[in-house]
Amino acid sequence: MNLVDGTSIEGVLYRDPGNLLVLKNAIYHEPGAAPLELDGDTVIDRAKVLFVQAP
């Protein structure tokens with residue numbers, strides 16, 4: 001998913017409780033930096049999501 005701040009996070013959508021999205025095995029992508037694997041579950045507020053790409 002691409003976020004409004006220009007970064008993106010890839011992972012497996014695990015849960016969708018209300019205004020939150022919970023990802024497993026997430027990788028954080030920031031322009032100009034190496035991808036960063038995130039530990040544990042990653043919780044994202046829907047308001048921060050610009051758009052989502054699915055395979």
Side-chain angles (χ1 to χ4, degrees):
M1 60 187 58
N2 292 279
L3 306 178
V4 295
D5 66 359
T7 62
S8 63
I9 298 178
E10 79 178 270
V12 178
L13 181 60
Y14 175 69
R15 289 184 352 150
D16 181 6
N19 289 332
L20 302 175
L21 300 168
V22 181
L23 301 176
K24 295 263 189 202
N25 303 320
I27 301 173
Y28 178 74
H29 298 274
E30 184 174 352
L36 176 65
E37 292 185 24
L38 303 175
D39 293 333
D41 293 349
T42 301
V43 180
I44 302 167
D45 185 335
R46 259 183 211 275
K48 303 293 183 188
V49 177
L50 183 60
F51 66 94
V52 175
Q53 292 174 262

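A quick note: this is a predicted structure, and the numbers were derived from the prediction, not measured. One is the number of the first residue; the rest follow in order along the sequence. The basis for the numbers below is simple: all heavy atoms, side chains too, and nothing from hydrogens, waters or symmetry mates.
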(message) Show the nearest heavy-atom pair for residues Ala26 and Thr42, with the distance to one decimal.
(response)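 Shortest heavy-atom contact: CB-OG1, 3.4 Å.
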(request) For Asn2 and Ser8, work out which heavy atoms get closest and say how close. (result)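 So the two residues come closest at OD1-CB, 3.5 Å.
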(request) To the nearest 0.5 angstrom, please state how far the OG1 atom of Thr7 sits from the CG atom of Leu50. (result)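 Nearest 0.5 Å value for the OG1-CG distance: 10.0 Å.
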(message) Could you measure the distance from the CG atom of Asp5 to the NZ atom of Lys48? Nearest 0.5 Å is fine.
(response)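 It comes to 8.0 Å.
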(message) Strictly distance-based, threshold 3.5 Å: is any side-chain N or O of Arg46 a donor or acceptor partner for the main-chain N or O of Gly18?
(response) yes
(request) Please write out which residues are connected to Leu3 in a hydrophobic cluster, directly or through intermediates, given that two of Ile, Leu, Val, Met, Phe, Trp, Tyr count as joined at side-chain heavy-atom separations below 4.5 angstrom. (result)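 Met1, Ile9, Leu13, Leu21, Leu23, Tyr28, Leu36, Leu38, Ile44, Val49, Val52, all in the cluster of Leu3.
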